[in-house]
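Structure first, then comments.
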Amino acid sequence: MTRTTAPRLGVNIDHVATIRNARGGFAPDPVRAAKLAEQAGADGITAHLREDRRHIRDDDITQLKAALSVPLNFEMAATDEMQAIALRNAPHAACIVPEKREERTTEGGLGVLQDEARLAEFIAPLREAGSRVSMFIEADPAQIEACARIGAPVIELHTGTFAEAHLSGDMARRASEYERLREATRIATEMGIEVHAGHGLDFDTARLISVIPDIVELNIGHFLIGEAVYIGLESAIVKMRAAINEGRTGV
Ligand code: PXP
């Protein structure tokens, strides 16, 4: 079945916290940004509590959980510490991501295939606690099959390489990456896995990804927070929503 409704838009507010932390203190407040995003039409808020707490901090998660009316998608590494925090906060969704201390952002997808038994055990309590667990992976059929075997109900496809190809003007690479994402979405949907996508998306690439039938959710952060400097967060989100709708419905 091909969906005609537009993908949900999850707004990642990590980089509001990055700016706050550059000076210490309390401003700008990621919770205020999240509320504003919600008012502007975000369907969910995403926040990544990294091991080094470089942007989002523990109390941000507690406050987001208390303040939001839309679902919170908690991005986390597969560590005991993050599992305990997720179980305490019971977010609507938990997206499991790879994490390296030295990286600037989440580089590449999770190796579910390489760590299948541990990840199966790791996600079970999160699922039992009622969080919708997603695995952030590359558009690789072998990884999708591993996600199916461990019982992950959702995957999020890493769109970073596609977005990079678009920005660099490498249209041949963009086309092949797009095809990979499209095929991965088809395979996963056929297996009964819900498909999300994100990383590095802007108005143009979000529109293109929304064309792919059965992508159910996009998670977008860095570009929106950057765009907010020029046009405000609310306008950036409204424009993003329009781009996503246009991609899915053609209008
Ligand atoms: N989805 C996941 C799983 C991520 O790790 C990130 C980055 O934190 C995003 C989406 C958003 O990426 P960006 O900030 O580049 O839009």
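One-based numbering, in listed order, for ligands and for the atoms of each. Only this structure's heavy atoms are used, side chains among them; waters, hydrogens and symmetry mates stay out. In this text, all values refer to a predicted model and were calculated from it rather than measured experimentally.
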To check your reading of the model: name the closest protein heavy atom to atom 12 (O) of ligand 1, its residue, and the distance in Å. H199 CA, 3.4 Å

Sub-4.0 Å atoms of ligand 1 with respect to non-hydrogen atoms of F136: 2 (C), 3 (C)

Enumerate the atoms of ligand 1 whose separation from the nearest heavy atom of I220 is less than 4.0 angstrom. 16 (O)

Among all protein heavy atoms, pick the one closest to atom 15 (O) of ligand 1 and tell me residue, atom and distance. G200 N, 2.8 Å

Rounded to the nearest 0.5 Å, what separation is found between the CE atom of M240 and the CG atom of L218? 8.5 Å

Decide side-chain contact (heavy atoms from CB on, under 4.5 Å) for R50 and V97; before the verdict, give the C-alpha distance in whole Å, the side-chain angles of both, and the deciding distance to 0.1 Å. CA-CA 10 Å; R50 292 186 72 101; V97 300; over 6 Å; no

Is the backbone N or O of H199 less than 3.5 Å from a side-chain atom of T159, with the two atoms forming a donor-acceptor pair by type? yes

Test of proximity, V97 against ligand 1: N or O pairs below 3.5 Å: no

D202: partners by side chain to side chain donor-acceptor pair (under 3.5 Å), with sequence neighbours left out: T205

Under 4.0 Å to a heavy atom of H222 - the qualifying atoms of ligand 1, by number: 13 (P), 14 (O), 16 (O)

For atom 16 (O) of ligand 1, what's the nearest protein heavy-atom neighbour? Residue, atom name and distance, please. G221 N, 2.8 Å

For ligand 1, which atoms, with element, lie under 4.0 Å from some heavy atom of N219? 10 (C), 11 (C)

What protein heavy atom sits nearest atom 2 (C) of ligand 1, and how far away is it? E75 OE2, 3.1 Å

Trace of the side chain to side chain donor-acceptor pair (under 3.5 Å) decision for T46 with N12: CA-CA 4 Å; T46 295; N12 181 318; 5.5 Å; no

Are the charged groups of R174 and E177 less than 4.0 angstrom apart, N to O? no

More than 12 non-hydrogen atoms from neighbouring residues, nucleotides or ligands closer than 6.0 Å to CG on D59, yes or no? yes

In ligand 1, which numbered atoms sit nearer than 4.0 Å to a non-hydrogen atom of E156? 1 (N), 2 (C), 3 (C), 10 (C)

